[in-house]
Amino acid sequence: MYRFNRSPAVPAAAAALTVAIFAVDALTELDVAIAVLYVGVVLMSVWIWPRRGVIAVMLFCMGLTLLAYLISHGFFKDEAALTRCLVSLAAIAITGFLAVKGQDATIALLQREEALNQARSQLAHASRVSTLGELTATIAHEVNQPLAAIVTHGQAGLRWLNREEPVLEEVRRAVDAMQQNAKRASEVIQRIRSMARPSAPTFVPLDVSQISAESCDLLGRELQRLHVKLRLDLPPGLPAVLADKVQLQQVLINLVMNAAQAMHEARTIAPVIEVRCGLTPEGMLFIEVADNGPGFSEEQLKQLFAAFFTTKKEGMGMGLAICRSILESLGGSIVAAHRKPQGALMTVQLPPIQGDEQ
Ligand code: ADP
């Protein structure tokens with residue numbers, strides 16, 4: 001949105017400038033077109049008011065210019081002064097016209113950008129929901145496992161309680177385990193809900209190692225199902241990045257899922273995915289997702305990030321396009337490359353938060 005200046009300093013300065021120009025224009029006999037300085041007032045008004053306000057200020061300044069001319073010269077004909085007055089009026093009118101046009105163009109540009117951001121976030125949401133759809137079996141398992149554990153611990157607790165001499169220590173332990181499992185189930189649901197919920201992104205400082213770990217955690221079961229081994233190199237203490245957590249998770253999940261699915265489809269022997277985070281020599285944060293699957297052909301490499309490019313039977317072809325748009329909106333990038341001796345290497349780079357952004 002276009003932000004109008006809300007501080008009272010700008011209107012106060014504009015008012016002071018107007019009074020000063022009017023006083024000098026009306027009460028002194030200077031041979032200069034002092035009223036031209038009203039263009040400054042008109043330009044200041046662009047910060048404070050929308051179109052109608054700017055036009056009103058422009059007309060007001062033109063009125064003051066005429067009034068000052070009448071006060072200082074009356075209806076007597078002073079050609080030089082009249083010319084100066086007309087030049088000032090023209091300058092104020094032209095400035096007002098250009099200022100309104102400029103303001104309209106800026107507002108239109110910002111509205112377009114906002115619509116684009118909204119569309120991007122809706123698309124990202126649609127793709128998240130579709131990924132969640134692919135993960136339903138995993139999610140069901142993730143929730144079911146702690147629920148089953150709760151039942152088992154509950155039964156054990158009851159047995160300890162129903163003994164002739166109840167063993168309260170064991171009952172306490174069972175209730176404790178039940179609580180922990182319930183917490184685990186609720187955390188899984190929480191994570192899924194935050195991915196499924198359509199919400200505007202919130203940018204906060206994030207640790208890329210932690211986000212990578214959490215995303216891989218969410219996919220752990222799916223990787224097990226596809227017999228894919230996961231190797232993580234996620235050092236702690238890296239500088240933070242300013243990003244939306246769900247969006248960054250989405251990028252990681254897309255990359256890891258793509259690697260796992262490509263290897264599964266190609267029946268790769270001993271499939272392994274490596275996720276690595278760190279800092280480049282230039283000080284950028286990087287996240288690498290590497291696999292030992294089929295990799296890409298030269299032709300694929302050229303189109304990988306294009307919308308709707310997919311080689312999967314049920315693919316949408318939006319995953320990498322969305323990853324790229326998310327990363328670019330954060331000032332980052334994503335590059336795909338061949339991995340030697342075999343496989344794909346996706347490298348994400350993101351700018352760390354600078355000292356004054358913290
Ligand atoms: P989708 O997953 O719906 O196909 P994406 O944009 O995520 O859409 O991926 C586009 C295509 O890129 C995939 O269909 C696949 O051919 C290719 N691809 C992505 N990652 C890999 C990878 N790690 N190994 C091989 N091919 C990949």
Side-chain angles (χ1 to χ4, degrees), residues 119-139 195-196 211-212 215-216 218-234 246-277 286-330 332-350:
R120 180 170 31 215
S121 110
Q122 280 167 358
L123 200 62
H125 174 248
S127 152
R128 276 203 300 276
V129 173
S130 120
T131 309
L132 283 178
E134 288 175 49
L135 289 174
T136 341
T138 302
I139 292 167
M195 279 192 79
I211 297 292
S212 305
S215 311
C216 291
L218 195 68
L219 293 178
R221 198 45 224 166
E222 183 70 5
L223 298 181
Q224 246 177 38
R225 190 180 72 79
L226 301 175
H227 307 292
V228 175
K229 255 204 187 138
L230 191 62
R231 276 196 210 129
L232 302 178
D233 178 5
L234 309 172
V246 174
Q247 282 189 349
L248 207 53
Q249 273 180 343
Q250 179 172 9
V251 170
L252 260 301
I253 288 174
N254 256 319
L255 298 183
V256 175
M257 282 275 279
N258 269 346
Q261 287 172 347
M263 292 194 290
H264 185 68
E265 249 169 61
R267 296 175 197 278
T268 303
I269 298 165
V272 179
I273 296 178
E274 287 173 15
V275 182
R276 221 157 66 82
C277 290
F286 74 80
I287 308 169
E288 279 179 358
V289 178
D291 64 60
N292 56 344
F296 321 103
S297 68
E298 289 304 325
E299 209 43 49
Q300 276 180 344
L301 258 185
K302 281 188 212 143
Q303 316 174 55
L304 223 48
F305 295 98
F308 305 116
F309 172 76
T310 182
T311 55
K312 298 174 195 164
K313 260 184 258 132
E314 306 204 336
M316 249 210 319
M318 287 307 294
L320 290 178
I322 290 168
C323 286
R324 178 147 84 173
S325 94
I326 289 175
L327 293 165
E328 286 181 352
S329 74
L330 299 172
S333 62
I334 178 166
V335 177
H338 299 292
R339 188 197 186 202
K340 285 189 183 116
Q342 179 199 341
L345 171 64
M346 306 296 289
T347 309
V348 166
Q349 288 205 7
L350 283 166

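For ligands, and for the atoms within them, numbers begin at 1 and follow the listed sequence.
Inspection of the N292 and K229 side chains reveals no N or O donor paired with an N or O acceptor under 3.5 Å.
Each of Q250, Q249, M257 was checked for a side-chain contact (heavy atoms from CB on, under 4.5 Å) with S215, and the lone residue meeting it is Q249.
Checking side-chain atoms of T268 against main-chain N and O of P271 turns up no donor-acceptor pair under 3.5 Å. For R324 (side chain) and I334 (main-chain N/O), no donor-acceptor pair under 3.5 Å exists by modelled atom type.
Side-chain contact check for L218 versus I253: some heavy-atom pair is nearer than 4.5 Å. Side-chain contact between E288 and L345: present, with at least one pair of heavy atoms (C-beta onward) separated by less than 4.5 Å.
Within 4.0 Å of ligand 1, contacts by protein heavy atoms are made from N258, A259, A262, D291, G295, F296, L304, F309, T310, T311, K312, G315, M316, G317, M318, G319, L320, A344.
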